[in-house]
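Everything below concerns the one structure shown next.
Per chain, numbering begins at 1; letters A, B, ... match sequence-line order. These numbers were taken from a predicted model, which means no experiment stands behind them.
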Amino acid sequence: MEKRTDYCGSITEKYVGQRVSLDGWVQKRRDLGGLIFIDLRDYKGIVQLVFNTDHKEALEIAESLRSEYVINILGTVRLRDESAINDKMTTGKVEVVVDTVELLNKSVTPPFEITDNVDASEETKLKYRYLDLRRPEMQKAIRTRAQIKHSVHEYLHDNGFIDIETPNLTPSTPEGARDYLVPSRVYPGHFYALPQSPQLFKQLLMVGGFDRYYQLAHCFRDEDLRGDRQPEFTQIDLEMSFMSAEEIQEVTEGLIARVMKDEKGIDVKLPFPRIDWDDAMARYGSDKPDIRFGMELQDLNDIFAESEFKVFKGTIDNGGHVKAIVVKNNADKYSRKNIEAYQEYIKRFGAKGLAWLKFNDDKITGPVAKFITAQESALVERLGLENNDLVLFVADKKKVVADALGYLRVAIAKELKLYDPNEFAFTWVVNWPLFEYDEGIQRWTAAHHPFTMPNEEDIHYLDEDPHKAYAQSYDIVLNGYELGGGSIRIHNAEIQEKMLKALEFTKEKAYAQFGFLLDALQYGCPPHGGLAIGLDRFAMLLSGKDNIRDVIAFPKNSNATEPMTHAPREVDPNQLVDLGIEVSKTSDK
RNA sequence: GGUUCCUUGGUCUAGUUGGUUAGGACGCCUGCCUGUCACGCAGGAGAUCGCGGGUUCGAUUCCCGCAGGGACCGCCA
């Protein structure tokens, strides 16, 4: 086997006349008889090889080559004839005349072609992930991810952060996401949990005197998957002592700016805009607003408070909201049928209906127009209606209005291409509520996590009316995705105990679960805070993908299984005996 | 846990009043071809129509159940 001198994708005019040795996979063979062309591929690209009767032995081997065979060749680079130039290839002006070829390995016929325009199903691609990974766009995405990690390590190292690993076998805590449990053999009936995040450990590192910690931490959450959620994922995890929320955000902005520069060549504008959580919900119907376009939600309660239109007035009288978005100059693109399809869709958020009207020739039309004639002029003025505008109303409870209109705003902007898909719009969402009400379990839970510091001026609410408190927490949002989030933590044992009490922890329960933290807070814990950025989502967005599967080498499918290795699998009964575990029949799937 | 859609050669798919030789494209195999790059030409192989049951003279097609897959809601401190 000849030592490789160059990569296929880098052979250009500069190489003309040079003798090269290339390794790669056979992309395509075009056999013209006494002349054979082979496209040879490596991760840098494809170059055309020529086999002809000048080198009969090589030609003979070339006849037997098939897709994905692995070969090494020796040959000479030459310019193609003017008529044979292929503008679609970066190597299209040249070709390599092969005199010697060695077959390094055969391949059976692959289940799908190794190309970016692959038409195989997601399932097939995952089953043959090692082939999927050979595709150029996958190579690019996984390499982008690696580059981001490299930039992160450099930036954080240069800024005095130290990389510390925290345990993966940790205690389970019932707050938050469902844990992946790992049974203990030594103590049957006892379990470790895989970390949902290194939260408590990084706080303890602050107590331990490492005032700038970071880690590319693997995290595990046993919850159902989405396009931007996998059961195991990686966080760029940061924690700092003696820093304010603003200072932590500044460091984070520097980190993001560095990655954007390294990976995309983009100089992002700093600082990123900040928006209060309350405003984000009111204006965008989302705690992770996509600010690349407008179409903000408009509150119309004052206009419709005395309306005869019962649907609106009734909602307002019951403490609900009437809000609308205006689709500018595109009313003609939306038929009654389109709008009813959207109405059907938003029912999943609990919306009972979708009222709408169109504005043309200085008047409103549509099914609800006749009910709101009294408010027409006020509405036209408030919304600044112009010809061919479409107005979509949702009247309901606050959360339903936000969910439904927040969804419609994004879906319609995407449909009408109201933003540049190559733009990267970062924003901070700050000043979150400290608590949120969980309808499912009928109690208040921590909006961020139980170790989040309330705003200074709200600390007194912890004793009086905890649910009025806002928190020193912040999310970093990119193009409508929650890229990361963090907070200033509670460093005072007294406040931490009040917080746990507000969450209805008894003192005993609090100590049983978080005793080590409560203890640590008493030994001179420095003020501290931090945040974590989802590496997978960041890589996904920088790669222009819409699923984090595409930036994870071996991801799970949407049912949290892995079609290639068939994880999770049943285990040998003896393993269960060792662990003192019995699988109940009813849970057997 | 729920809603909804899907499952036909290796891959992607067409297929309705229930009777078809289950059609196409790409891929694969054989032969021919010295300027192809979506090479071309000629020929060929390859499908128990996801599994089980039901209705029917007859089911890829209709019904029920199951399995697998996708999207979404819940869930994701």
Side-chain angles (χ1 to χ4, degrees), chain A residues 27-40 46-54 59 63 66-68 80-89 91-92 95 97 108-115 117-128 131 173-179 196-197 199-200 219-231 233 344-351 403-404 407 411 432 434-436 438-441 444-452 471 473 482 485 487 499-500 503 513-514 532 534 546-547 549 557-561 563 566 589:
Chain A
Q27 178 73 29
K28 190 82 184 174
R29 182 179 58 113
R30 290 180 294 279
D31 186 345
L32 279 67
L35 176 70
I36 295 176
F37 297 102
I38 281 179
D39 290 338
L40 191 66
I46 289 173
V47 69
Q48 173 164 283
L49 309 179
V50 184
F51 297 78
N52 59 32
T53 45
D54 294 344
L59 182 69
E63 278 171 15
R66 295 293 180 268
S67 292
E68 300 309 313
R80 297 192 193 187
D81 271 359
E82 195 69 34
S83 61
I85 286 174
N86 185 341
D87 296 327
K88 288 179 222 155
M89 300 171 74
T91 62
E95 59 193 7
V97 183
V108 295
T109 305
F112 50 84
E113 198 188 337
I114 309 304
T115 172
N117 311 318
V118 68
D119 57 3
S121 68
E122 202 58 38
E123 189 183 6
T124 307
K125 287 193 288 181
L126 285 178
K127 184 172 171 193
Y128 299 95
L131 296 180
T173 53
E175 288 280 309
R178 197 176 292 114
D179 283 324
Q196 296 171 29
S197 83
Q199 182 57 38
L200 294 175
C219 305
F220 306 85
R221 294 180 187 174
D222 187 4
E223 297 291 349
D224 287 340
L225 286 72
R226 289 289 186 275
D228 62 354
R229 259 163 48 190
Q230 282 271 318
F233 59 99
E344 201 49 43
Y345 192 93
I346 61 172
K347 282 182 181 166
R348 69 190 58 192
F349 303 115
D403 285 352
Y407 165 80
W432 288 59
L434 188 57
F435 298 95
E436 64 189 5
D438 186 324
E439 304 275 356
I441 55 175
W444 292 86
T445 59
H448 184 51
H449 57 53
F451 319 107
T452 303
S473 58
E482 178 195 338
S487 62
M499 179 73 188
L500 290 168
L503 288 165
Q513 278 182 34
F514 307 116
D546 56 9
N547 198 304
R549 270 200 298 258
N557 68 8
S558 69
N559 297 318
T561 65
H566 298 292
K589 242 194 166 171

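Side-chain proximity of L32(A) to the nucleotides rC76(B), rC73(B), rU34(B) is greatest for rU34(B). Closest contact between the side chain of N547(A) and the listed nucleotides rC37(B), rA71(B), rC28(B) involves rA71(B). Among the nucleotides rC76(B), rG69(B), rU11(B), the one closest to the side chain of N557(A) is rG69(B).
Figure legend. rC33(B) is base-paired to no nucleotide; pairs are counted as Watson-Crick or G-U wobble with both atom distances under 3.5 Å. Here rC26(B) sits opposite rG10(B) as a Watson-Crick or G-U wobble pair (both hydrogen-bonding atom distances under 3.5 Å).
Here F37(A) packs flat against the base of rU36(B); its ring centre is closer than 5.5 angstrom to the base's six-membered ring, tilted by less than 30 degrees.
Between the side chain of D224(A) and the base of rG74(B), a donor-acceptor pair under 3.5 Å is found. The base of rC75(B) sits within donor-acceptor range of the side chain of R229(A), with an N or O pair under 3.5 Å. For a distance-only test at 3.5 Å, the side chain of R221(A) fails to qualify as a donor-acceptor partner of the base of rC76(B).
Going from atom CZ of R348(A) over to atom C1' of rC72(B) covers 5 Å, rounded to whole Å. Remark: P of rG74(B) and CG of D438(A) are 12 Å apart, rounded to the nearest angstrom.
At the heavy-atom level, A84(A) lies under 4.0 Å from base atoms of the strands shown. Nucleic acid contact for T91(A): none, since no nucleic acid atom lies under 4.0 Å from a heavy atom of the residue.
The side chain of N86(A) places no N or O atom within less than 4.0 Å of a non-bridging phosphate oxygen (OP1 or OP2) of rU36(B).
Spacing between rG19(B) and rU61(B) at atom P, rounded to whole Å, works out to 11 Å.
Put simply, the side chain of R549(A) never gets that close to the backbone of N557(A): no donor and acceptor are under 3.5 Å apart.
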